[in-house]
Amino acid sequence: MDSKLLKKEKLLPLLDELRKEFLLVAPVEEDALLFYRPVESVAEIKLGSGRSVVPPKEWFFPQAESLYRYSTEGGGLVLEETLAATPAVLFGIHPCDLRSFAVLDAVFLQEPVDRYYTLRREKTVIIGISCTAVCPECFCSAYGISPVEGTGADVHLSEVGAVYMVEVLTPKGKELVARYQEFFEDQVAGVAEAKEARKETLSGQFTVRVTVDGLPAKLGSLFDHPYWEELSRRCLGCGICTYVCPTCHCFDITDVCRGFEGKRFRCWDACLFRDYTLHTSGHNPRHALYQRLRNRFFHKLKYNHDRYAIEGCVGCGRCVALCPVNIDIREVIATVRGLGE
Amino acid sequence: MKELTESLRQEASRLLREGVEVFIGYAAGSLQASARPFFATRPEEAAELVFNPFCVHNLVKYLVRFPDKRTAVVVKGCDGGAVSRLAEERHLDREKITVVGVPCGGMLERERVLAQLPPATRIEAVEERGNTYVLHTARGEYPFEKKANLAAKCLVCVRNNPVGVDLLLGKEAMPVADPERDPLEGVKAVEALPAGEKAAFWDRVFGRCLRCYACREVCPACSCTQCAFEQAVPGWQQGAMWVEKAKNLPDSYHYHLIRAFHVAGRCTGCAECERVCPVRIPLMLLNQKLAKEIEALFGGAPAGACGPLCAYAPDDPDQFA
Amino acid sequence: MPVKENTVTNANAWEPKIVAFLCNWCSYAGADLAGVSRLKYPANIRIIRVPCSSRVNPQFILRALQRGADGVLVVGCHPGDCHYVTGNYFTRRRLTLFKSLLEFVGFEPERLKVRWVSAAEAGRFAETVKEMVEEIKLLGPNRRLQDSML
Ligand code: SF4
Ligand code: SF4
Ligand code: SF4
Ligand code: SF4
């Protein structure tokens, strides 16, 4: 692994250069909320920022995207590709969200690969950034993620005093750094150590210690436990926890048809919605809210692990922070581990 | 707040012994300065109940989940109206419900509290000292003056003491409304914008709606068993989907205008829709705008069981003549 | 059926599309009479007959605007003359309120017009259509609520 330095004052000029070559997607603030959006000027970028409301998965797997267009005018059928992706730089991704890309990759890159996801993924260079503080809802350490770790990024920045330590982690990252080499400087002694020290400080800041050892197996024996019904009593059955989750990847496919023309879309779906598992016959295998809520936790904490050998949660804390009725996955994990069978 | 919590626990435990099957109240939350809805089904569980200025949730909508049970529910002044609303519309059997009223000195805006409290400081007790809440922690006392720290809805609330309840706990609450503050301040500010700026404002906020439908799920006036915006039963509304599942701005407008319109005249002003929104869409502006117009247009006239839009007066204002 | 895309070749050639909901008992008969009497009014309206103006769910209005209409006209019997006795009293309350909501979100209120027209008022019907077409022409095409899905 290569490592370099980037002076703080050079970050925005670098991004500005990148913006000329790539579509630059970066954290921006709207009404005091953070979103990852394409920016036209680097002045829009919110630096040193916390957690976005909607996770950056949106960039690879948008909430709504068109798959193709069709026309049946004159009796025939004409299909038209709508797949398009521009070379992009996704800037400012935190370690938990970097891990989430690995979770999504396991789903979308398995055979048959998802072309829409793959194309964007291939054309995007990811610049990660270390956290400088731990939010009260975060628990990424439970999954072995460190708030200063860049795994998953092509290039990763960690703020250390007046500079960013730059880790060049992939060939894509290497190419990028080489192309813009005039912005970077050579690594000096002490910076890597300072970054490690930051890791220590931050790991002391987690408000709740979460252990997930043995959880998938344990859950297997608790499918019929009354706990799920109890937990679901306060759940609203809304789409917040799934829509803000960086690893949730369920989608629905629908057609929008106007006369002889139409478009096929896919869009996010949420397993908490009443109609998620509804069959055409009217039968709904998860008709009760507790079944749907249980599914969410089983998917996050067991199914994903069993199927792809990677945890389905990255401990970003978004659902913890945003659930209106305080259904807290950290508490669910602790309770489940403590339940008798 | 300690005494109030105590008497709440006592009453809950008594009601649960006397045949109430589910007591819906609040328990401490897992996050700093938070509470959560809590469902006690056995008298012992009453010990988990609390009441403090973080009990912002309106619990009334949960009642419709227990149509066959004897229930009790804790209501603040602003929540109480929802019980009569739902009972009038026959979603609830009022006979089966014990409504437990708690006088409320206002709810603290959680974000303001978090901004002033050192992180990871556990709140041990909350004390109400006149127009200030004092949070007791291991690191000392933190005073929160109401005027500067209450939730927006509380700063204009005149319903501090619940009415129409079966049981009223605690001492009468002093009004907390700031007389200087116009409850319709926000609505008037939007009304005053030129049309183009209005459009830009709503495009921005509706543009970030995730269509998670939390605002609908939580709302006690969104009481339809089948919502116009879903197909949870095949063939409902002949299979019509009014808005696409795929997020897009025109459909978000459609959803928001119709959501607000469906609760027009029935909204009880609990502000839950706005509180739950993960992207902070100011839904109360729409609700308040409609309430304001309804008052101005049909204020004096009688209202039906489902509010002023289920009624009419022959001499209603007529712009269409 | 969708309202077909407006074919704009140049700004002057643009013609507004107006979806008109007419109540079966008064207004549709009024429009019919206008036709029988050979009264002239612009061909910009697409008429949808409804049993009563109170059948017009505000969602119909939004959908029309989303699917390509530049304006929506709702026409019913004069208050007091409703075939179902009180239907249009409800229409009056609802649509007065709905118009104020549209305006509040920055939408031109002129794009929704409500009028009472009896079966005998062919002239009034023709006038209403003329007036509305003029107003919408001044506003230009409705782009704001137009469907972005295709
Ligand atoms: S857990 Fe919370 S965020 Fe998720 S569906 Fe239930 S209420 Fe909504
Ligand atoms: S389940 Fe919650 S904490 Fe885990 S990754 Fe999803 S949003 Fe983050
Ligand atoms: S619309 Fe909002 S304020 Fe009104 S009753 Fe529903 S949740 Fe409460
Ligand atoms: S809660 Fe907010 S984001 Fe969710 S549907 Fe309502 S307005 Fe949209």
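Hydrogens, waters and symmetry mates are skipped; everything else that's a heavy atom, side chains included, is used. Convention: sequence-line order gives letters A, B, ...; per-chain numbering from 1.
Contact of A:T242 with chain B is not made at all, since no heavy-atom distance falls under 4.5 Å. Contact of A:C319 with chain B is not made at all, since no heavy-atom distance falls under 4.5 Å. Contacts of A:L272 with chain B are absent, with no heavy-atom separation under 4.5 Å from either backbone or side chain. Heavy atoms closer than 4.5 Å to chain B are found in the side chain of A:E137, but not in its backbone. Both the backbone and the side chain of B:P278 come within less than 4.5 Å of a heavy atom in chain A. Proximity to chain B is limited to the side chain of A:V53, based on heavy atoms less than 4.5 angstrom apart. Looking at A:I240, both its backbone and its side chain come within 4.5 Å of chain B, counting heavy atoms on both sides. Only the side chain of A:D252 comes within contact range of chain B, with heavy atoms under 4.5 Å apart.
At a heavy-atom separation below 4.5 angstrom, chain A is approached by B:H57 within residues 52-59 of chain B. Among the residues in residues 200-217 of chain B, those with a non-hydrogen atom closer than 4.5 angstrom to a non-hydrogen atom of chain A are B:R204, B:V205, B:R208, B:L210, B:R211, B:C212, B:Y213, B:A214, B:R216, B:E217.
Heavy atoms of other residues, nucleotides or ligands lying less than 6.0 angstrom from CD of A:E81 number more than 12.
Top candidate by heavy-atom pairs under 4.5 Å with chain B, chosen from A:D275, A:V320, A:N326, is A:N326. With respect to chain A, the highest number of heavy-atom pairs below 4.5 Å among B:R65, B:K61, B:E244 belongs to B:R65. The greatest number of non-hydrogen atom pairs below 4.5 Å with chain B, out of A:L236, A:T254, A:N284, is found for A:L236. In terms of heavy-atom pairs under 4.5 angstrom with chain B, the leader among A:F265, A:F251, A:F273 is A:F273. Note on A:R234, A:E65, A:H279, A:Q63: by heavy-atom pairs under 4.5 Å with chain B, the leading option is A:R234.
Donor-acceptor pairing under 3.5 Å is recorded for the side chains of B:T41 and B:E45. A donor-acceptor contact closer than 3.5 angstrom links the side chains of A:R318 and A:S52. Side-chain contact annotation: A:K57 with A:T247, donor-acceptor N/O pair under 3.5 Å absent.
Using a 30° and 60° split on the angle between ring planes, A:F139 and A:Y143 fall in the tilted class, from 30° to 60°.
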Check the pair B:T137, B:T121 against side chain to side chain donor-acceptor pair (under 3.5 Å), reporting the backbone distance first and the verdict last. CA-CA 7 Å; B:T137 76; B:T121 318; 5.7 Å; no

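Residue A:E261 holds its CD atom at 10.5 Å from NZ of A:K263, rounded to the nearest 0.5 Å. Distance check, rounded to the nearest 0.5 Å: NE2 of A:H225 to CH2 of A:W228 gives 9.5 Å. The SG atom of B:C154 sits 6.5 Å away from atom CE of B:M107, with the distance rounded to the nearest 0.5 Å.
The main-chain N or O of A:C316 is found under 3.5 Å from a side-chain atom of A:R51 such that the two form a donor-acceptor pair. At least one donor-acceptor pair closer than 3.5 Å links the side chain of B:Q116 to the backbone N or O of B:R112. With hydrogens and angles ignored, the 3.5 Å screen pairs a side-chain donor or acceptor of A:E44 with a backbone N or O of A:E40. Under the 3.5 Å distance criterion, the side-chain polar atoms of A:D114 are matched with a main-chain donor or acceptor of A:Y117.
Shown here for B:V190 and B:K198, the closest heavy-atom pair between the two residues is O-CE, 3.3 Å.
In this structure, B:F23 has its ring center at least 6.0 angstrom away from the ring center of B:F39. The aromatic ring centres of B:F229 and B:W242 sit 6.0 Å or more apart.
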